[in-house]
Amino acid sequence: MSLPAVKLLAKEAVASNTMSFRFEKPTGFEYTAGQFADYTLLNPPETDAEGDIRGFSFSSAPFEPFLQATTRLRDTAFKHVLRDAAIGTEVLLDAPWGSFTLHHKVERPAVFLTGGIGITPARSIVLQSVHDVTGHSITVFDSNHTPQEAAFLDELTRVAAENDRITYVPTMSGLGDSRHQWAGETGHIDAAMLSRYVDDLAAPIYYVCGPGAMVKAMRGVLDAAGVDSDDIRTEEFTGY
Ligand SMILES: Cc1cc2nc3c(=O)[nH]c(=O)nc-3n(C[C@H](O)[C@H](O)[C@H](O)COP(=O)(O)OP(=O)(O)OC[C@H]3O[C@@H](n4cnc5c(N)ncnc54)[C@H](O)[C@@H]3O)c2cc1C
């Protein structure tokens, strides 16, 4: 569905070089947690060969009264324009798209394997599941180089502490000498890490989300662990 222009309501830094952008939610607009939108900049002051359209998963949950995209701010024209956009700036929204959404059978746990900004649809799905009391058991493995780069780290830690059904496992792969400042998991997500938190690796539906290389690596981990490919869903963030 193509929608009218939506206004930027707020911008918030949520990790190093990472910002959330809140937009007004048009009356009657509905989406399912895990879906994404294409955003088109209108008359941007700067543009480049990649153009003025990007797809971003909704990091907002459908029950929230706004639409939110969260992205790494890189040195591209699109990101410059978005970063510097004044509150009230309008963008065109084409949405909702995608089927990276939570399965219906609540007996089957959900396990998310996310890398970097790939956490965005997981935030939406976890918050909506808690809000709707769907009954799903959800474990989120979230890989970043450092805690400073982990968007929604504090929020997901709090949500997991408040909800028995939610387990949040942030892991840091690039701490080097500063390892002493982090008490949680370190290193990439691998079969050994999965087994520490998931009793029966054949039970869950797996949701893998992040840059292409990360999605490929995680598929390798799940394949090697003997997970049925029918139980793996992926969302690849192209452009990273
Ligand atoms: C379904 C879906 C959902 C998505 N959801 C999100 C989301 O929630 N959040 C999000 O941030 N992104 C998301 N993406 C990716 C998003 O659409 C953009 O592709 C991404 O943000 C990169 O945009 P850009 O303007 O930074 O780079 P682009 O201008 O699109 O980059 C184009 C090319 O330049 C390279 N490049 C650009 N900058 C750098 C750099 N600094 N270092 C190295 N190479 C570089 C890229 O590798 C790429 O090949 C999603 C993509 C899809 C398909």
Side-chain angles (χ1 to χ4, degrees), residues 1-3 6 8 10-23 25 31-42 44-62 64 66-85 89 91-102 112-128 140 142-146 148-153 155-156 174 206-219 232-240:
M1 177 170 62
S2 216
L3 294 168
V6 291
L8 178 65
K11 305 187 269 190
E12 185 190 3
V14 292
S16 79
N17 248 355
T18 307
M19 268 190 136
S20 284
F21 297 86
R22 281 186 186 178
F23 297 92
K25 187 179 184 175
Y31 65 102
T32 304
Q35 289 190 298
F36 70 97
D38 282 332
Y39 296 81
T40 303
L41 301 174
L42 297 171
E46 187 186 342
T47 189
D48 63 18
E50 295 295 333
D52 302 330
I53 305 175
R54 294 291 183 284
F56 298 123
S57 298
F58 290 111
S59 58
S60 49
E64 293 179 305
F66 49 81
L67 303 177
Q68 181 173 273
T70 305
T71 188
R72 297 292 199 217
L73 296 175
R74 303 198 303 178
D75 198 12
T76 71
F78 186 98
K79 300 287 175 77
H80 294 163
V81 172
L82 197 57
R83 179 196 63 199
D84 297 339
T89 298
V91 301
L92 268 189
L93 190 86
D94 188 14
W97 301 111
S99 55
F100 193 70
T101 55
L102 193 58
F112 284 82
L113 311 180
T114 69
I117 200 63
I119 193 67
T120 49
R123 179 199 182 265
S124 180
I125 289 170
V126 166
L127 266 67
Q128 190 67 31
V140 179
D142 178 25
S143 179
N144 283 276
H145 294 294
T146 64
Q148 291 73 30
E149 287 163 80
F152 311 122
L153 177 69
E155 182 180 34
L156 289 173
Y206 293 86
Y207 296 83
V208 182
C209 185
M214 187 269 175
V215 170
K216 193 167 172 226
M218 290 303 102
R219 279 211 79 113
I232 304 172
R233 302 181 184 180
T234 58
E235 189 82 297
E236 194 175 313
F237 283 8
T238 50
Y240 280 111

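Note that the numbering runs from 1 along the sequence shown for the chain. As the structure lists them, so they are numbered: ligands from 1, and atoms in each ligand from 1. A quick note: this is a predicted structure, and the numbers were derived from the prediction, not measured.
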Could you check Arg123 against Glu64 for salt bridge (charged side-chain N to carboxylate O under 4.0 Å, His left out), going step by step and ending with a plain yes or no? CA-CA 12 Å; Arg123 179 199 182 265; Glu64 293 179 305; 3.0 Å; yes

Would you give me the side-chain donor-acceptor pairs under 3.5 Å for residues 210-217, sequence neighbours excluded?
none

Of all heavy-atom pairs between Ala122 and Val140, which one has the smallest distance, and what is that distance? CB-CG1, 4.4 Å

With a 6.0 Å cut-off on ring centres, are Phe23 and Tyr39 close enough? yes

Which residues share a side-chain hydrogen bond (donor to acceptor under 3.5 Å, both in side chains) with Gln128, sequence neighbours left out: Asp132

Contact residues of ligand 1 (heavy atom under 4.0 Å), by chain and number: Phe36, Glu50, Arg54, Gly55, Phe56, Ser57, Thr70, Thr71, Arg72, Arg74, Thr76, Lys79, Ile117, Thr120, Glu235, Glu236, Phe237, Thr238, Gly239, Tyr240

Report the residues that fulfil ring pair (Phe, Tyr, Trp, His ring centres under 6.0 Å) with Tyr31, sequence neighbours left out, ordered by chain and then residue number. Phe29, Phe58

